[in-house]
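Since this is a predicted model, take the numbers as computed values, not measurements. Letters A, B, ... are given to chains in the order of the sequence lines, protein chains preceding strands, and every chain is numbered from 1.
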Amino acid sequence: MRRIRRLFIGVTLSFLLAAGSTAQTITVNNDLVFGDMFPGVPKTISKYTAGAAAEFNVRGTNGAEVSIQFTLPTKMTKIGVSIQMIFFNTDCAVDTRPNPIQASPLFDNLNPWSTLLYRIGVQGLTIYLGGTVVPRIVQPPGAYTADITLTVAYTGA
Amino acid sequence: MNKKGVERKFAVVLVAAIICFSLSVNSVQAQDVATGTATATVLTALAVSAAQSLIFGNIYQGVAATIGNNIDASSGIFNILGQGSAGISISFALPQFIALADGSDRMTIGFSSTDATVDSNNTTPATVVAGDGWINVNPNLLPAATVIGAAGQTNVYLGGRIYPAVDQSAGGYSGDIILTVAYNGT
């Protein structure tokens with residue numbers, strides 16, 4: 001019976017340890033908003049621009065490493081037509097500080113096309129993303145949209 | 001079953017429970033996916049048209065003729081349609097001569113530094129006033145601050161002068177006047 005008791009204690013400890021790890025969650029704080037655009041005039045939204053750059057917040061276990069992977073669109077569309085989108089290899093930034101500063105993020109000029117590895121901070125981890133769109137001179141007017149998918153996973157490190 | 005057998009069975013069940021629990025915890029933590037959106041609104045595309053040619057009409061050999069930029073019936077008139085109040089860059093490519101259709105003779109044409117008027121209030125060459133835009137400006141250097149009128153249209157009026165030679169061949173002369181317009185993003 002002593003062994004069983006030890007086993008129970010082990011299970012309880014495992015449970016407590018496991019329960020201490022929080023599942024990560026992503027919140028979209030802000031979409032990537034280009035606003036009004038003129039046909040033939042490319043427009044860039046900087047990752048530093050609050051309210052226009054895309055902003056994601058990841059919550060999870062403090063100190064745990066996560067992989068961050070974007071699935072980026074190459075065009076924005078409305079019915080039947082599209083606009084070219086460009087994400088440069090410096091368009092992303094990550095800030096793991098409790099009070100992230102978008103204008104000067106802790107980890108800057110990151111490549112959103114690559115898998116990024118960072119550790120979650122006390123208040124999570126904030127990701128900023130800028131981008132560029134290139135409308136044609138004869139671009140039909142109207143509202144265009146595209147999905148930006150962010151996948152975050154613990155690496156176990 | 002003896003006591004050892006019970007312990008062993010219980011141990012197996014517990015180990016299985018631990019494994020299941022670990023697996024389930026890991027699957028909860030495996031990953032999260034969020035989808036943000038990129039949005040943009042494209043404004044009205046530009047459309048430029050030559051509503052009226054610059055018409056000199058009948059002229060005489062050796063007698064220069066001038067058409068002002070304020071004559072409804074004969075000034076060159078260009079219409080620019082687009083997003084109201086948007087900033088645009090506009091520039092003329094002006095000819096140095098006009099020619100007979102068969103190219104056998106040419107006639108010099110000139111434009112002074114006051115031969116153009118930009119009208120953002122959609123009036124006419126004869127009725128446009130200073131408050132409507134930019135009056136009597138250089139067609140070779142149109143105002144940088146030009147905007148599409150609030151109603152979505154701006155007109156450009158153009159005058160000019162031709163210099164027929166004393167032995168100018170008779171016939172109809174023409175030349176292209178090209179107006180290029182682009183949004184400047186303001």
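Among all heavy-atom pairs drawn from B/Ala38 and A/Ile148, the shortest one is CB-CD1, 4.0 Å. The two residues B/Val33 and A/Thr149 make their nearest non-hydrogen contact at CG1-CG2, 3.4 Å. Residue B/Ala40 comes nearest to A/Phe34 through the heavy atom pair CB-CB, 3.7 Å, listed as atom of the first residue, atom of the second, then distance. For A/Thr151 against B/Gln31, the heavy-atom pair with the smallest separation is CG2-OE1, 3.5 Å. Of all the heavy atoms in B/Gly36 and A/Phe56, the pair that sits closest is N-CE2, 4.0 Å. Nearest heavy-atom pair, A/Val28 versus B/Thr35, reported as atom, atom and distance to 0.1 Å: CG2-O, 3.9 Å.
With a 4.5 angstrom heavy-atom cutoff, A/Ile137 touches chain B only via backbone atoms. Contacts between A/Ala143 and chain B at a heavy-atom distance below 4.5 Å involve backbone atoms as well as side-chain atoms. If you measure heavy-atom distances from B/Ala182 to chain A, you find no contacts under 4.5 Å at all. Proximity to chain B is absent for every atom of A/Val133, based on heavy atoms less than 4.5 angstrom apart.
Side-chain contact between B/Val42 and A/Pro140 is absent, with no heavy atoms from C-beta onward closer than 4.5 Å. Considering only heavy atoms from C-beta on, A/Asp147 comes within 4.5 Å of B/Thr37 through its side chain.
Distance CG/B/Leu46 to CZ/A/Phe38: 9.0 Å, rounded to 0.5 Å. The OG1 atom of B/Thr39 sits 13.5 Å away from the OH atom of A/Tyr144 when rounded to the nearest 0.5 Å.
More than 12 heavy atoms of other residues, nucleotides or ligands shown are found within 6.0 angstrom of NZ on A/Lys78. Summarising the local packing, CG of B/Asp102 is surrounded by more than 12 heavy atoms from other residues, nucleotides or ligands at distances under 6.0 Å. The 12-atom threshold is not exceeded at CZ of B/Arg106, counting heavy atoms of other residues, nucleotides or ligands nearer than 6.0 Å.
Placement of A/Phe107 and A/Leu150 within a single hydrophobic cluster is found when ILVMFWY residues are connected by side-chain heavy-atom separations under 4.5 Å, directly or transitively. Residues B/Ile135 and B/Phe92 do not share a hydrophobic cluster, defined by chaining ILVMFWY side chains whose heavy atoms lie under 4.5 Å apart. Taken together through direct or relayed side-chain contacts under 4.5 Å among Ile, Leu, Val, Met, Phe, Trp and Tyr, B/Tyr157 and B/Leu81 form parts of separate hydrophobic clusters. One hydrophobic cluster holds both B/Trp134 and B/Ile90 under the rule that ILVMFWY side chains link at heavy-atom gaps under 4.5 Å. A/Met37 is not connected to B/Tyr183 by any chain of hydrophobic side-chain contacts under 4.5 Å among Ile, Leu, Val, Met, Phe, Trp and Tyr, and they are in different clusters.
Contact count versus chain A (heavy atoms, under 4.5 Å) is highest, among B/Ala45, B/Gly82, B/Ala47, for B/Ala45.
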